[in-house]
K.L.:
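First, the structure itself, so that you have it in front of you.
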Amino acid sequence: MRPPTNSTTFKREFLKKWLLALQLCNNHHNNNNNNNGVVERKNTIKLSAEIAMAAARNGATCWSRALIAKHSSSSSSLHNQTPPPRHSKKRVLRCKRIIRRSRRCIHHGPAAHGPAAAVMRRKTAVLRKLVPGGELMGDEASLIRETLDYVTSLRAQVDVMRRLARASDRAAMCNAMK
Amino acid sequence: MDRASFLAAPPPDFHYADSAALLDPAAAKWHHHPYHYHDVEQQQQRLQYNFHQQQQEVGSLGDDYMGCVLNGFHGDGVDGGLGEVVEMSRTPSSSIQLKPDPGFFANGWPDFAPVGNHVYGISRTSSCPPTAAESSSPPAAASVVDGSKKRKLDKPQQRNPKVVAVDENGESKTKKVKAGCGDGGDKKSSVSSSSSSSKNKNKNKNVKKENSGADSSSKENNSSKVTHEVQKTDYIHVRARRGQATDSHSLAERVRREKISERMKYLQDLVPGCNKITGKAGMLDEIINYVQSLQRQVEFLSMKLAAVNPGMDFNIDSLFPKEVAAGGGNNFPASSDMAAAYLHLNSLQQQLLGCSGLEMGMMMNPSSAAADMGLRRTISAPITTPETETFIDSSCFPQQASIWDADLPSLYQVAFDQARAASFPSQQFAGSAGSSNLKMEMEM
């Protein structure tokens with residue numbers, strides 16, 4: 001698994017998938033016939049962009065799979081946002097933290113002590129939260145590798161989105177002038 | 001390597017030999033070699049070349065002998081580099097212990113499969129006296145003795161440690177080395193099979209009559225055979241410098257850290273403004289910031305897209321047919337929208353692909369669509385004038401093309417078809433048009 005070396009093909013793939021996803025979303029919304037607010041539209045766009053980005057990576061990376069899994073699990077409840085599992089999630093989190101702490105006490109050698117190591121751990125944890133599926137990655141090396149890939153893909157995504165936004169901006173300006 | 005002691009301590013002849021060996025081009029190449037995973041055969045060749053060089057150097061000085069101690073350390077489950085230490089030792093009495101220079105041979109040569117020789121550092125040791133397995137007296141002209149041996153290290157964690165000492169010395173020192181040879185052979189048989197050790201000995205005896213170059217190559221063969229044997233068991237080579245811990249945990253940890261730092265280097269190239277920062281914590285900070293900023297940008301852009309298209313979802317596919325269906329007069333904004341989008345995408349491609357006209361699906365229709373174009377130009381806004389040409393990227397958007405085909409009025413259909421037909425003849429023209437569009441894009 002390598003980071004997307006050829007960003008052109010990646011961008012093309014991403015764009016293709018994104019437009020497809022947008023079309024699907026739009027059809028869905030047309031069928032529902034509800035007049036959405038800006039925020040909801042934004043969420044839809046963002047979601048479709050994320051899924052398209054992950055799909056363009058072809059499941060070769062951990063983060064893309066995690067992203068798709070996350071969204072596919074939540075897509076069933078796309079319209080009725082479900083708060084109930086939050087409570088159980090929190091409990092699970094606490095349990096995990098406790099477990100981790102205990103594990104740290106047992107396992108870590110002399111290398112993992114000291115303030116510098118603590119700082120590193122904290123930052124790694126932050127990075128884990130940022131990269132989708134980062135919590136699932138076991139060691140730091142794979143986390144860094146996934147981050148590398150994710151950053152590359154994000155850059156491509158941002159680039160494509162910016163171009164599209166500029167284009168639509170211009171189109172809107174056209175409309176206004178006409 | 002504390003090179004000062006290395007240079008100061010040994011007797012002048014050895015000093016000369018070593019420094020000459022270090023200064024020869026092959027060694028210099030090693031020294032400057034970055035951390036690359038190389039083709040194994042290349043490495044083999046280069047190594048042989050280097051050994052050749054070294055042997056010639058030492059052979060010319062006759063009185064020295066060089067011990068190459070090749071350590072293969074065993075780790076668990078991680079594929080790392082093969083670490084060996086080449087120890088050049090003169091005599092046990094005058095030998096000095098040197099640590100390998102981190103900057104010198106430290107930038108490693110991992111994965112050195114067939115030969116199994118990884119020249120890691122050059123050191124002279126007294127703590128590990130060169131108990132050569134085999135020593136042979138060469139003809140007087142060459143005066144090079146080649147021997148290879150394996151020796152078990154007494155580190156409990158290493159399952160297959162292997163030390164190959166290559167000694168080159170004059171006639172006077174052969175006996176001493178030979179005394180060590182039986183010892184080494186025994187130890188080696190305890191490590192691997194005794195048959196291989198005897199094979200080793202036989203080989204070396206056969207080689208005895210040959211010149212130094214042949215010596216070195218056969219030695220390579222020997223050691224390669226041995227390492228092949230060892231490598232059949234899943235075998236991880238990790239470098240360990242002198243003084244570093246060599247238990248499997250430490251080795252695995254070291255491999256992990258090396259991997260991480262290597263990837264961090266890649267990230268450093270990727271993330272802007274990360275070049276000046278040294279230290280992992282600062283880099284992690286920078287990476288986190290960058291990822292966050294990118295994610296925020298995605299958020300912002302999607303917000304912008306949502307805001308720009310107030311009617312329905314931003315969806316150029318569905319927006320376009322809808323507007324077409326709404327009426328003929330409404331065609332032009334929609335088409336300009338599409339065209340703008342295509343322009344951007346095309347210019348994006350163009351930026352990345354250079355001016356290869358093949359990839360760019362953008363073109364002007366030179367024939368009957370020109371009038372149509374002019375009409376559209378007059379209607380649409382001045383900014384979008386170049387975009388009102390039909391832009392087709394059929395390789396990129398198959399569905400789009402089909403949509404165009406299906407949903408456009410007959411006028412557009414004709415234009416589209418013509419454009420597709422004329423795509424290849426009008427490549428150069430398209431390229432120039434694309435560049436002008438690109439410029440416009442840039443200044444906007």
Side-chain angles (χ1 to χ4, degrees), chain A residues 3 7-8 11-12 15-16 19-20 22-23 25-27 29-30 36 38-39 41-42 44-46 49-50 109 111 116 119-120 123-124 126-127 130-131 139-141 144-145 147-148 150-152 154-155 157-175 177-178, chain B residues 249 253 256 259-260 263-264 266-267 270-271 280-281 284-285 287-288 290-292 294-295 297-299 301-310 312-319 332-333 336-337 340-345 347-349 352-353 359 379-381 383-384 387 396-397 399-400 444:
Chain A
S7 55
T8 318
K11 279 179 188 172
R12 204 177 298 163
L15 185 74
K16 202 167 84 180
L19 291 180
L20 197 65
L22 278 174
Q23 197 177 5
C25 283
N26 195 42
N27 289 344
H29 281 264
N30 274 341
N36 317 304
V38 177
V39 177
R41 251 182 293 140
K42 182 212 101 180
T44 311
I45 288 167
K46 194 177 156 220
E50 273 184 358
V119 167
M120 283 301 290
K123 283 176 181 166
T124 311
V126 173
L127 193 62
L130 282 180
V131 178
D139 61 348
E140 204 180 335
I144 298 285
R145 191 185 55 201
T147 310
L148 198 70
Y150 182 60
V151 166
T152 319
L154 259 186
R155 271 167 69 159
Q157 188 196 18
V158 166
D159 196 25
V160 171
M161 284 181 85
R162 187 177 295 144
R163 279 162 199 282
L164 206 56
R166 214 185 291 158
S168 64
D169 215 5
R170 197 176 298 177
M173 209 158 63
C174 259
N175 270 343
M177 282 177 76
K178 193 165 67 79
Chain B
H249 290 294
E253 174 67 17
R256 191 184 73 90
K259 254 188 201 168
I260 288 174
R263 277 163 194 160
M264 283 292 225
Y266 284 126
L267 265 176
L270 204 64
V271 176
K280 244 170 90 179
L284 263 185
D285 257 344
I287 289 161
I288 287 167
Y290 189 57
V291 170
Q292 272 175 339
L294 281 176
Q295 283 174 345
Q297 261 178 322
V298 168
E299 192 107 358
L301 283 169
S302 51
M303 192 71 187
K304 193 175 166 190
L305 284 174
V308 161
N309 297 63
M312 275 304 298
D313 276 9
F314 178 82
N315 189 340
I316 52 177
D317 294 348
S318 56
L319 184 73
F332 288 122
S336 73
D337 186 4
Y342 278 123
L343 169 75
H344 284 274
L345 302 168
S347 68
L348 173 148
Q349 280 176 8
L352 291 160
L353 287 171
E359 276 300 318
I379 290 172
S380 56
I383 303 168
T384 54
E387 297 152 20
C396 181
F397 310 109
Q399 314 109 315
Q400 312 277 311
M444 282 209 61

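Numbers restart at 1 for each chain; the letters A, B, ... are given by sequence-line order, proteins then strands. Heavy-atom basis, side chains included; hydrogens, waters and symmetry copies ignored.
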K.L.:
Going from CD1 on B:I288 to CG on A:L127, what distance comes out if it is rounded to the nearest 0.5 angstrom?
P.N.:
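Answer for the CD1-CG pair, B:I288 versus A:L127, is 5.0 Å.
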
K.L.:
Give, for atom CG of A:L148 and atom CG of B:L270, the distance between the pair rounded to the nearest 0.5 Å.
P.N.:
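Those atoms lie 6.0 Å apart.
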
K.L.:
Answer yes or no: is there a side-chain heavy-atom contact under 4.5 Å between B:K259 and A:R145?
P.N.:
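In short, these two side chains do not touch, never coming nearer than 4.5 Å.
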
K.L.:
From A:K123 NZ over to B:D285 CG, what is the distance, rounded to the nearest 0.5 angstrom?
P.N.:
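Taking NZ in A:K123 and CG in B:D285, the distance rounds to 3.5 Å.
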
K.L.:
Testing the basics here: between A:I45 and B:S302, what is the closest heavy-atom pair and its distance to 0.1 Å?
P.N.:
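That would be CG2-CB, 3.6 Å.
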
K.L.:
Please identify each residue that fulfils side-chain contact (heavy atoms from CB on, under 4.5 Å) with B:Q295, with sequence neighbours left out.
P.N.:
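Testing B:Q295 for side-chain contact (heavy atoms from CB on, under 4.5 Å), a comparison that skips the adjacent residues, returns A:L130, A:Y150, A:L154, B:V291.
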
K.L.:
Would you check if A:M161 and B:Q297 make a side-chain contact, meaning some heavy-atom pair closer than 4.5 Å?
P.N.:
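A:M161 does not reach B:Q297 side chain to side chain.
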
K.L.:
Counting heavy-atom pairs under 4.5 Å to chain A, which of B:M303, B:M264, B:Q292 comes out on top?
P.N.:
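Counting heavy-atom pairs under 4.5 Å, the top option is B:M303.
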
K.L.:
Atom OG1 in A:T44, atom CG in B:L305: separation rounded to 0.5 Å?
P.N.:
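CG of B:L305 is found 12.0 Å from OG1 of A:T44.
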
K.L.:
List for me each residue that meets side chain to side chain donor-acceptor pair (under 3.5 Å) alongside A:Q157, sequence neighbours excluded, and say none if there are none.
P.N.:
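A:Q157: no side chain to side chain donor-acceptor pair (under 3.5 Å) contacts found.
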
K.L.:
What heavy-atom pair brings B:R263 and A:I144 nearest, and what distance separates the two atoms?
P.N.:
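Distance-wise, the nearest heavy atoms are CB-CG2, 3.5 Å.
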
